[in-house]
> 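Here's a structure for you.
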There are 2 protein chains.
Amino acid sequence: MGKGEHTRTVILEAALAQASESGFESLTIGSLAERTGLSKSGLFAHFGSREDLQCAAIDAAAQLFADTVMKPAFAAPRGVPRLWAMFEGWLGWTQRGGLAHGCPIHAASVEYDDRPGPMRDRLVGHYRALQQALDKAVRIAIDAGHLRADLDIEQFAFDMFAIVLGYYHAARLMDDARAGERARAAFGRLLADFAVPGALP
Amino acid sequence: MGKGEHTRTVILEAALAQASESGFESLTIGSLAERTGLSKSGLFAHFGSREDLQCAAIDAAAQLFADTVMKPAFAAPRGVPRLWAMFEGWLGWTQRGGLAHGCPIHAASVEYDDRPGPMRDRLVGHYRALQQALDKAVRIAIDAGHLRADLDIEQFAFDMFAIVLGYYHAARLMDDARAGERARAAFGRLLADFAVPGALP
DNA sequence: TTGAAAAAAGCACGACCGTTCGTATTATTG
DNA sequence: CAATAATACGAACGGTCGTGCTTTTTTCAA
């Protein structure tokens, strides 16, 4: 890895840490330069513009999520255990991924949900990819006989995703120590409602 | 209403419109001055600081939510119908409240979930008030015999809130036309799981 | 070791930020 | 109408923003 490439990685790591704290709109050239010890112009030279930096940062966040949550989950046994692995990995994945604060992708999804542009487009793309991976895991759980064949996969994904969002809200803004417990109960109810009776212990 | 009070209301209306679009961190003195036709200094004089303006705006948002969603819902028949009224009123309440875009309170809850200060404190307070109103409505539904007496009220509130968050995500970022349908299905499943059999048609 | 290429720094720019101050305009009251 | 208070304005302040340019330093290969 050349020096420039290494520096770029360092910058993106700092950008992820900051986005985890305060979102992507807080990613300014000046603050990032200070964080990394670079000069403004030196840092700026690695990206054509601030927007390019933000885009690179959100791509890095999506990659980190995939590596931290999805990849390990697909190593779990197929079916419902894998869905649980995904869910558990999802809750508080930022800690495991080395980010001290919130989920930067979630922050971005609120910041850009009404602001057309490359950031929004990228974000939607990453979510669609996540959706597909989730769909796949659910389909496998159906094929494995764990979940009912008449399950509406999109509805299941909606419900599961909603629980994670509820967890973020409760755990972070409301400082609810029982957020994880609540989220697991909700996901358990979701699975129970669509489980094939007797298929799992 | 004196002139100053009227102007202050106009400013806060503009602030809410802007926060609905781009969050509370986008509330700058300059942009708001342009939006209202006031000068920067003229606008600034109505609030001691930008932070005070933001706080006043989020209080106004909470008030608008209460007037638009909670108050009408408490006019609905007690029990599950009232819970449905709350839920329906909640989805897309910003339109009914005169805000063209997203829920400003939701935007704020992501912007300030990791930033201590008066904004976060106020936000948490408003959510606690909402939580209490919701708890009350659920308790009434239990007393009315619509929902099971062993229902965990906090868990119910978590689940219901999560569904709304899932709706926001699907409807706004993902432009999912079926978001409302999905949310209603999820809430219907929540109610069905805790309904007293035969208590409702 | 030297020389080309890459990387980082230095500096300057116009724009906008929140805020302050003094002044002018407008409302309200006696 | 006059006096006074409320309201709004214009200009300016020190800072930070993103972004160009030029120069210096570092890296890496011949």
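Chain letters run A, B, ... following the sequence lines, proteins first, then strands; residues in each count from 1.
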> Answer with yes or no whether the side chains of A/Asp59 and A/Gln63 bring together a donor and an acceptor at under 3.5 Å.
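Side chains of A/Gln63 and A/Asp59: no pair found under 3.5 Å.
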> Output the rounded distance in Å from CD1 (A/Ile29) to C1' (C/dA12).
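Rounding to the nearest Å, CD1 of A/Ile29 and C1' of C/dA12 are 17 Å apart.
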> Against A/Phe87, only a single residue in A/Val69, A/Leu190, A/Ile163 fulfils side-chain contact (heavy atoms from CB on, under 4.5 Å); can you say which?
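For A/Phe87, the side-chain contact (heavy atoms from CB on, under 4.5 Å) check succeeds only for A/Ile163.
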> Between A/His169 and A/Asp176, do the side chains contain a donor N or O and an acceptor N or O under 3.5 Å apart?
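Absent: no donor and acceptor within the cut-off.
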> Taking 4.0 Å as the cut-off, does a side-chain nitrogen or oxygen of A/His6 come that near to OP1 or OP2 on C/dA7?
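For C/dA7, OP1/OP2 do not have a side-chain N/O of A/His6 under 4.0 Å.
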> Is there a side-chain contact between B/His46 and the phosphate of D/dA8, meaning an N or O under 4.0 Å from OP1 or OP2?
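Yes, such a contact exists.
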> How is B/Thr28 classified with respect to the nucleic acid when contacts are heavy atoms under 4.0 Å: base, sugar-phosphate, or nothing?
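Sugar-phosphate, backbone atoms only, no base.
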> For the pair made of CZ in A/Arg8 and C1' in C/dA8, what is the distance, rounded to whole Å?
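Checked: the CZ to C1' distance equals 16 Å.
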> Calculate the interatomic distance between A/Glu25 atom CD and D/dC17 atom P; express it in whole Å.
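Between P of D/dC17 and CD of A/Glu25: 13 Å.
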> Expressed as a whole number of angstroms, how long is the span from B/Glu5:CD to D/dA8:C1'?
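Those two atoms, CD and C1', are 17 Å apart.
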> Taking the side chain of A/Ser49 as its heavy atoms from C-beta onward, which of C/dA8, D/dT19, D/dG10 lies nearest to it?
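Nearest to the side-chain atoms of A/Ser49, counting from C-beta on, is D/dT19.
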> Expressed as a whole number of angstroms, how long is the span from B/Phe44:CZ to C/dG18:P?
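Answer to the nearest Å: 9 Å.
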> Could you tell me which non-hydrogen atom of A/Met86 sits nearest to which non-hydrogen atom of A/Ala73, and how far apart they are?
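Looks like CG-CB, 3.5 Å.
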> Write down the distance between CZ (B/Arg50) and P (C/dT19), rounded to a whole number of angstrom.
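Atom-to-atom, B/Arg50 to C/dT19, this comes out as 8 Å.
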> Taking the side chain as C-beta and beyond, is there a heavy-atom pair between B/Gln155 and A/Arg178 under 4.5 Å?
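No. Closest side-chain heavy atoms not under 4.5 Å.
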> In whole angstrom, what separates A/Arg35's CZ from D/dT16's C1'?
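Distance, rounded to whole Å: 17 Å.
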> Hey, does A/Leu32 reach any base, or is it just sugar-phosphate, or nothing, if we go heavy atoms under 4.0 Å?
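Here A/Leu32 touches no strand at all.
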> Determine whether the side chains of A/Glu21 and A/Ser26 contain a donor N or O and an acceptor N or O closer than 3.5 Å.
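Not at all, the side chains of A/Glu21 and A/Ser26 share no donor-acceptor pair under 3.5 Å.
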> Among D/dG20, C/dT19, C/dA9, find the nucleotide with the atom closest to the side chain of A/Leu38.
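The closest nucleotide is C/dA9.
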> Scan residues 111-121 of chain A against DNA chain D and write down, sorted by residue number, each residue with any heavy atom closer than 4.0 Å; if none is found, say none.
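Going residue by residue through residues 111-121 of chain A, none turns out to have a heavy atom under 4.0 Å of DNA chain D.
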> Is the shortest side-chain N/O distance from A/Ser41 to OP1 or OP2 of C/dC11 below 4.0 Å?
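So the side chain of A/Ser41 is outside the cut-off, no N or O lying under 4.0 Å from OP1 or OP2 of C/dC11.
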> Can you tell me whether the side chain of B/Lys40 and the base of D/dG10 have a donor-acceptor pair closer than 3.5 Å?
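Between D/dG10 and B/Lys40, which were checked side chain against base, a qualifying N/O pair under 3.5 Å is absent.
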> So what does B/Leu43 hit on the nucleic acid, given a heavy-atom distance under 4.0 Å: a base, only sugar-phosphate, or nothing?
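Contact class for B/Leu43: none.
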> Is the ring centre of A/Trp84 less than 6.0 Å from the ring centre of A/Phe187?
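A/Trp84 vs A/Phe187: aromatic centres under 6.0 Å.
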> Just the rounded figure in Å: distance from P of C/dA9 to CD of A/Glu34.
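For the pair A/Glu34 CD and C/dA9 P, the rounded distance is 13 Å.
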